Amino acid sequence: MTTPTTSTILMVRPANFGFNPETASNNFYQKQDERDAIEINHLAQKEFDGFVALLRKAGVEVIVIEDSEAPRKTDAIFPNNWFSTHEDGKIILYPMFSPNRRLERRKDILERLMQAGFVINEVIDLSFFERDEQFLEGTGSLILDRVNAIAYACRSLRTHDVPLKYLGRLLGYKVVDFDATQLIEGVHSPIYHTNVMMHVGSDIAVVCLDSLPNASEKLALQQVLESTGKKIIPITSKQKFHFAGNMLEVKNQQGEKFTVMSKTAYDALSKAQIKTIEKYTKIITPEIPIIEKLGGGSARCMMAEIFLSKN
């Protein structure tokens, strides 16, 4: 069985991209930059446009939404954290850790999807969890194997147990959750998003098994991945810090499959790892260094998958 792969991607072109101090408290991938805000946003827009052009050149359908100027949203470029779409016409809105990121949830984006002919049967808003400081940040927190109805998630300050289990019941998915940590200045700290350390495609699973401190959870994760027929490609902690776990499989209108990862991630992989991925899909590698540096997210975070059917 293979995981359904999206042929339509929604991406948000930034209006005020920049460093977000609210998210930097637990996203250790974010780095400051001395350039001024206008130059930084201009560079991010240039990287964004280049990324979109690469996807479209490969025949992948991309819906580009312009970020609104106000209110200011430094992370609007990462729409995968606030909503997910599902083949039965559901859209789920997620509870976000950072108050300034909650501004990214825009009803007009959902209206744009309907105008484009996509069928939305139900919008389920889980943002009420924010009142209790409980968070689950979309397909940052969740790696969804849609064919096998499995949600993989590493627990963190942005991925809490109660909304995670709630979502599992809502979708009828088995939840495979675990702790995953990384060494930051000599201290083991939780990895803030699952999609930093793990990618599940139709045939492969790229995963940083080294980041799971609990041996039984590590074994359980391996067993579930293998039981669903995935070829496991282990990555090291060092590779993970170069966004090598942050990938997404997409397909074009002809059904050709691609694994999308940043040039940073690609350069961190070994020739053998690349060869294994290329046995199953072609690879698309956008260059997004300023987005990775200040945003602390990479290629996968920039793409919201559209699984809705069309009229």
Side-chain angles (χ1 to χ4, degrees), residues 4-15 17 20 23 48 52 55 60-68 71 73-131 134-146 151-153 158-160 163-164 166-173 192-195 246 248-250 260 295 297-310:
T5 303
T6 187
S7 58
T8 306
I9 293 293
L10 182 142
M11 297 175 71
V12 178
R13 192 171 188 268
F17 176 77
N20 184 350
T23 54
F48 177 92
V52 170
L55 289 169
V60 178
E61 183 185 3
V62 185
I63 299 167
V64 174
I65 304 282
E66 293 287 339
D67 181 26
S68 50
K73 302 175 290 300
T74 53
D75 290 312
I77 200 167
F78 303 129
N80 79 309
N81 297 138
W82 67 264
F83 81 104
S84 65
T85 67
H86 301 268
E87 288 169 301
D88 60 0
K90 276 193 194 79
I91 286 190
I92 298 174
L93 308 182
Y94 289 92
M96 307 279 281
F97 165 79
S98 168
N100 65 25
R101 289 209 63 190
R102 297 167 194 171
L103 303 168
E104 295 169 31
R105 291 189 295 251
R106 287 169 51 190
K107 282 187 181 149
D108 64 303
I109 290 180
L110 308 187
E111 284 159 11
R112 276 284 301 277
L113 287 172
M114 287 193 285
Q115 285 161 12
F118 291 99
V119 178
I120 298 175
N121 294 323
E122 188 180 10
V123 177
I124 300 170
D125 188 351
L126 303 184
S127 63
F128 64 86
F129 279 111
E130 290 164 357
R131 293 195 295 268
Q134 294 278 307
F135 310 116
L136 187 69
E137 296 196 329
T139 52
S141 293
L142 302 155
I143 307 295
L144 299 176
D145 178 341
R146 292 166 185 261
Y152 297 95
R158 306 210 199 169
T159 306
H160 286 113
L164 177 59
Y166 186 94
L167 181 98
R169 288 193 299 273
L170 188 69
L171 293 179
Y173 275 38
Y192 79 107
H193 273 163
T194 316
N195 75 6
N246 198 251
L248 181 65
E249 186 177 290
V250 301
V260 186
S298 190
R300 193 278 167 264
C301 310
M302 295 169 65
M303 297 179 285
E305 304 145 276
I306 307 303
F307 281 100
L308 305 166
S309 58
K310 267 195 164 176

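Residues take their numbers from the sequence shown, with the count starting at 1. Since we're looking at a predicted model, the values are computed, not measured.
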pair [X]-[Y]: side-chain heavy atoms closer than 4.5 Å:
X: Phe118; Y: Thr8; value: yes
X: Thr159; Y: Leu136; value: yes
X: Asp108; Y: Ile65; value: no
X: Val260; Y: Val60; value: no
X: Asp145; Y: Tyr152; value: yes
X: Met303; Y: Leu55; value: yes
X: Arg300; Y: Thr139; value: yes
X: Arg106; Y: Ser68; value: yes

Sub-3.5 Å donor-acceptor pair from the side chain of [X] to the main-chain atoms of [Y], do we have one?
X: Glu137; Y: His193; result: no
X: Asn81; Y: Met96; result: no
X: Ser141; Y: Arg158; result: yes
X: Arg105; Y: Tyr94; result: yes
X: Asn246; Y: Asn195; result: yes
X: Thr85; Y: Phe307; result: yes

Nearest 0.5 Å, what's the [atom1]-[atom2] distance between [X] and [Y]?
X: Leu308; Y: Leu110; atom1: CG; atom2: CG; answer: 9.5 Å
X: Asp75; Y: Asp67; atom1: CG; atom2: CG; answer: 10.5 Å
X: Ile120; Y: Met114; atom1: CD1; atom2: CE; answer: 4.5 Å
X: Leu93; Y: Lys107; atom1: CG; atom2: NZ; answer: 9.0 Å
X: Arg169; Y: Leu164; atom1: CZ; atom2: CG; answer: 10.0 Å

Open item on the list: What I want to check is whether the side chains of Ser7 and Glu61 have a donor and an acceptor closer together than 3.5 Å.
Closed with: no
TODO: Tell me yes or no: between the side chains of Lys90 and Ser84, is some donor less than 3.5 Å from an acceptor?
DONE: no
TODO: May I ask you to decide if the ring planes of Phe17 and Phe78 are parallel, tilted or perpendicular, using 30° and 60° as cut-offs?
DONE: perpendicular
TODO: Please report the C-alpha distance between Leu248 and Ile9 in whole Å, then the side-chain angles of each, then the deciding distance to 0.1 Å, and finally whether the side-chain contact (heavy atoms from CB on, under 4.5 Å) criterion is met.
DONE: CA-CA 11 Å; Leu248 181 65; Ile9 293 293; 4.0 Å; yes
Open item on the list: So, using ring pair (Phe, Tyr, Trp, His ring centres under 6.0 Å) as the criterion, who are the partners of His86 when residues are at least two apart?
Closed with: none
TODO: Under the ring pair (Phe, Tyr, Trp, His ring centres under 6.0 Å) rule, collect the residues that match up with Phe129, sequence neighbours excluded.
DONE: Tyr166
Task: Test side-chain contact (heavy atoms from CB on, under 4.5 Å) applied to Leu142 and Tyr173, step by step - done: CA-CA 11 Å; Leu142 302 155; Tyr173 275 38; over 6 Å; no
- [ ] For the pair Arg146 and Glu87, find out whether any cationic side-chain nitrogen is under 4.0 Å from an anionic carboxylate oxygen.
- [x] no
